[in-house]
Amino acid sequence: MNYDFLKIEKKWQDFWATHKTFKADNQSDQPKYYVLDMFPYPSGAGLHVGHPLGYIASDIIARFKRHSGFNVLHPQGYDSFGLPAEQYAIQTGQHPSKTTTTNINRYRQQLDRMGFSFDWDREVRTSEPNYYRWTQWIFLKLFDSYYDIQADKAVPVSELILRFEKEGNTNVKAHSDKDTPVFEAQEWKAFDHDQQQKILLNYRLTYLSETQVNWCPSLGTVLANDEIVNGVSERGGHAVTKKKMRQWSMRIGAYANRLLLGLDALDWSDALKEMQRNWIGKSLGASIYFEVENHPEKLEVFTTRPDTIFGVTYMTLAPEHELVKKITSPEQQKVVADYTARVAQKSDRERQADVKSISGVFTGAYALHPFTGASLPIWIGEYVLAGYGTGAVMAVPSGDQRDFDFATHFDLPIVNIFHGVDVSEAAFSEKGNVKLTHSDFLNGLDHKQAIDRVIVELETKNCGKGAVNFRLRDAIFSRQRYWGEPIPIYFKGETPMPLQEHHLPLELPEVEKYLPTEDGNPPLGNAKIWAWDEAGQEVVSVDRINHKTVFPLELNTMPGWAGSSWYFNRYIDAHNEKQWVGPKALDYWKDVDFYIGGSEHATGHLLYSRFWQKVLFDLGYASTAEYAKKLVNQGMILGNSAFVYRKKGTQTFLSKGLIGENQVEPIHVDVGLVNTQDELDLEAVKNWQKDFQHAEFVLENGKYIVGREVEKMSKSKYNVVNPDEICDTYGADTLRMYEMFLGPIEQDKPWNTAGISGVHNFLKKFWRLFYQQDQWMVNEAPASAESLKVLHQTIKKIVDDIERLSFNTCVSTFMICINELTALKCSNKEVLEPLLVLLSPFAPHFCEELWQQLGHTDSIEFEPLPTFDLGKVEETTKEYPVSFNGKMRFTIKLSLDMGVEEIKEAVMKEQKTQDQIDGATPKKIIVVPGKIINIVI
RNA sequence: GCCUCGGUGGCGGAACUGGUAGACGCGCUGGAUUCAAAAUCCAGUUCUUUCGAGAGUGUGGGUUCGAUUCCCACCCGAGGUACCA
């Protein structure tokens with residue numbers, strides 16, 4: 001019997017599906033283990049060999065843990081709301097749900113072929129009402145909560161209202177909008193409903209506000225900071241500008257510190273934790289309030305260098321700063337207006353592009369130095385960002401290079417406050433031991449001492465305080481798109497009103513057009529039935545809005561990250577109709593034990609989901625404050641692009657070796673047209689694209705050899721390798737093992753189909769220990785000592801390596817094992833049976849089949865892992881290398897249980913007989929038990 | 001610029017806490033088998049070499065009896081981030 005992988009793999013995939021082998025129970029006496037993959041967005045392109053890398057690794061863990069006696073939860077689903085489906089809908093008019101379903105079916109087919117042990121009964125799709133109902137429910141929970149700074153957690157708004165009724169808001173310490181008014185209990189009670197709601201909105205964890213947003217005209221939507229890369233949209237690379245819009249936001253800023261502190265306890269890669277830390281961007285410093293001459297307003301700045309306060313010679317505001325309009329002197333009105341208008345027109349990209357050119361304008365107003373009372377001109381400068389700190393800086397040209405450059409450019413004064421430092425050429429921004437000068441009460445103090453002192457002084461004078469600032473901004477939550485979760489809110493005038501829990505799901509309405517409306521409303525503005533009848537408690541026709549109980553519903557939808565911020569919880573109890581997750585199921589599964597996915601989600605999904613988890617934890621719904629204590633980032637599998645070389649301006653293509661001095665342009669050709677020797681199939685390439693039909697190929701040694709380059713796998717580079725094709729030619733088990741064999745899981749590595757034969761041969765070799773020319777080889781005779789030693793060494797190594805996620809060395813270990821057993825002609829059941837169990841996480845179909853051939857009737861999946869016997873692995877004696885001054889001279893066979901002194905004695909004896917060193921006396925002998933003996937002469 | 005990770009044969013990579021560097025696989029070379037091929041098996045494969053040996057893990061230093069591994073400086077690559085005050 002041959003190794004017929006196609007037949008075997010089909011057989012076992014069907015078996016697992018019909019027997020629901022991987023269905024996990026929410027109740028068990030076994031310990032639980034939750035293995036999670038980042039769920040895919042089902043794109044139209046299908047999977048390439050890079051996609052399953054993480055799924056293979058997590059599947060190995062899941063299967064390994066089942067063998068180790070765990071009740072394993074290993075679910076999978078689809079993040080199925082998103083932009084590509086909607087853009088396809090705009091082009092074709094096809095409903096996105098239709099294309100989404102098609103794509104999901106294709107994904108499922110491809111996933112099934114690879115033999116993953118997913119519990120598909122728990123599948124979630126974020127675009128299904130029975131799922132997004134709970135996404136909306138979480139939105140309502142956020143709407144109904146505020147962040148209490150004293151309790152350091154989210155608390156229901158009902159408690160906030162009780163406090164307002166009792167004592168107003170003067171003593172309430174909570175994260176809230178800056179412009180929240182101060183009121184007493186009496187005043188609160190006197191407010192009407194709308195006024196009260198408006199104030200409460202300033203506290204809610206999700207709130208409406210007029211904010212500067214990143215507006216992408218091409219996509220017709222706002223974008224969150226993490227959706228913008230290098231000043232253009234992450235998707236499509238379109239320009240992004242600033243715009244003021246009334247938008248829903250999430251008060252993630254309230255959690256900045258906890259999100260930062262929580263990282264320490266997580267078993268995530270340092271790189272990823274560092275990315276989140278930088279993104280959160282905590283800095284320590286001070287807030288300082290400057291009086292403005294002849295104006296009641298105060299100018300607040302944040303600085304990390306309050307110690308340089310006496311070096312301040314002017315102030316700079318961001319062009320968007322709200323005080324700009326108020327304080328600009330009449331003479332300066334025009335230049336200031338021109339300047340701010342010019343800056344507003346620039347896109348983020350343009351603004352980032354000319355970071356080096358200095359621009360700015362004087363407002364005509366002056367601020368007063370809090371200690372010296374000196375007049376400080378207030379300027380506007382592009383280099384000050386509206387979004388960071390207060391959007392205003394105190395400029396210290398001697399201590400900050402940007403301030404220095406600005407001052408030099410506009411001829412503003414520079415005061416040197418650093419003793420013995422020359423600041424004529426550049427600012428001194430080090431925080432070393434240099435003492436301050438020209439700094440009044442700070443004279444003679446160093447950086448650290450001065451900061452402490454000046455904060456005390458600021459606080460006594462009531463013009464500043466020590467402060468912490470975070471770079472992390474609140475996350476804009478509204479998207480002007482169709483294919484996303486509707487926000488469960490309707491409007492009574494200006495006041496947003498939440499739907500009640502029992503009204504959910506608020507289902508996405510049908511629309512005729514998926515584009516925004518002509519008056520700029522989001523696509524939901526096209527829906528005919530999209531108003532809320534308060535009396536009937538139902539969604540009704542928009543025509544009825546003038547009726548007194550019928551109100552418009554929110555037209556924006558939620559962003560892509562909403563559904564993915566909690567899906568891992570839903571898997572735990574995916575069919576619960578009454579709750580987001582049932583407490584009993586949650587209590588059993590709790591959190592994710594092993595999470596795997598790409599590091600590109602560091603500042604998006606992985607931050608937002610931690611935020612939501614903490615909110616849900618504070619409110620008593622989630623079981624832990626961090627849902628994934630262990631996270632692994634799989635690397636990318638890169639494509640091995642193939643190039644042909646066209647002689648400039650001709651249709652002549654030169655084989656790689658013939659390029660020489662010729663001017664050529666490299667052109668991508670499909671990697672499927674090239675064999676493992678880099679030889680191009682000329683007939684196939686002519687049929688592949690019209691451009692090549694009349695091409696002339698110049699060959700070397702009768703062949704056209706292509707050039708190779710490693711790049712990201714992508715359709716446009718024609719370097720995509722389809723896993724289905726690999727499964728057809730080599731089988732899923734080979735593909736699984738080969739992907740693991742390519743290199744460390746966390747590392748990027750190039751795909752090379754040529755290398756796969758090594759892994760495939762391994763499986764064939766292993767098969768031959770069972771069958772040779774149709775003859776069943778397995779015998780029940782006791783195995784030889786050598787065979788048992790090979791077995792036990794293998795078990796030990798594999799178990800160790802899986803634990804440290806070194807899957808590539810696991811594959812090598814299996815290969816060595818089978819090579820040795822083949823050499824020993826070992827076909828003993830005693831050896832092969834445990835090996836099958838050990839190998840089955842890697843090559844599950846292969847092992848199930850042979851397991852059955854060995855006479856078992858149940859799946860190998862729950863077979864306990866074989867244990868190793870150290871006595872069989874270790875020998876009682878061992879060859880020790882003996883080196884002299886680190887150089888190896890001879891080996892000596894010693895008993896393992898010898899003590900260090902005994903070993904030394906034996907070595908000395910041996911050394912004398914060998915007469916290796918010419919009469920020298922050893923200074924010392926170093927013995928590392930089990931490893932090496934070194935003699936120092 | 002700053003932060004993080006990495007740099008080992010022709011290639012992917014191994015060497016886990018300092019202990020015989022290059023496991024395993026690809027590729028390549030030679031051989032067996034075959035009419036031939038495929039498949040399979042065996043041997044060799046870091047470089048240099050006067051065949052004694054010598055050099056060798058990005059470069060230069062250091063610690064150590066001993067360094068791919070630890071320390072310092074630098075070079076290169078990847079990812080993140082950036083007028084962040």
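Classified by its glycosidic torsion, B/G52 falls in the syn category, the angle being within 90° of 0. Look at B/G60: its glycosidic torsion is beyond 90° from 0, and that puts it in the anti range.
In this structure, the nucleotide among B/U81, B/G13, B/C83 sitting nearest to the side chain of A/T603 is B/U81. The A/D270 side chain lies nearest to B/C5 when the options are B/G12, B/A85, B/C5.
For the ring-ring contact (aromatic ring centres under 6.0 Å, His included) criterion with A/F846, the lone passing option out of A/F5, A/F762, A/F766 is A/F766.
Within the 4.5 Å cutoff, no side-chain heavy atoms of A/T813 are placed close to those of A/M815.
The closest donor-acceptor contact from the side chain of A/R708 to the backbone of A/N640 lies under 3.5 Å.
Pairing partner, B/C2: B/G80, with both Watson-Crick or wobble hydrogen-bond distances short of 3.5 Å. Taking a pair to require two hydrogen-bonding distances under 3.5 Å in either a Watson-Crick or a G-U wobble arrangement, B/A36 remains unpaired. In this structure B/A43 sits in a base pair with B/U29, meeting the Watson-Crick or G-U test at under 3.5 Å.
Rounded to whole Å, atom P of B/G27 lies 14 Å from atom CG of A/N640. Rounding to whole angstrom units, CG of residue A/N808 and P of B/A23 are separated by 15 Å. Distance A/L638 CG to B/G13 P: 10 Å, rounded to the nearest Å. Nucleotide B/G27 holds its P atom 12 Å from the CZ atom of A/F741, rounded to whole Å.
Closest heavy-atom contact between A/V393 and A/V301: C-CG1, 3.8 Å.
One C1' atom belongs to B/U20, the other to B/C26, and the distance between them is 26 Å to the nearest Å.
The residue among A/D800 and A/A386 whose nearest nucleotide of RNA chain B is located toward the 5' end is A/D800. Position along RNA chain B of the nearest nucleotide to A/T822 versus A/S806 favours A/S806 as the more 5'-ward residue.
Between A/Q747 and B/G13, a side-chain N or O to OP1/OP2 separation shorter than 4.0 Å is present.
No contact: A/K282 has no heavy atom under 4.0 Å from any strand.
The aromatic rings of A/F290 and A/H369 sit perpendicular to each other, their planes meeting at more than 60°, with 30° as the lower class boundary.
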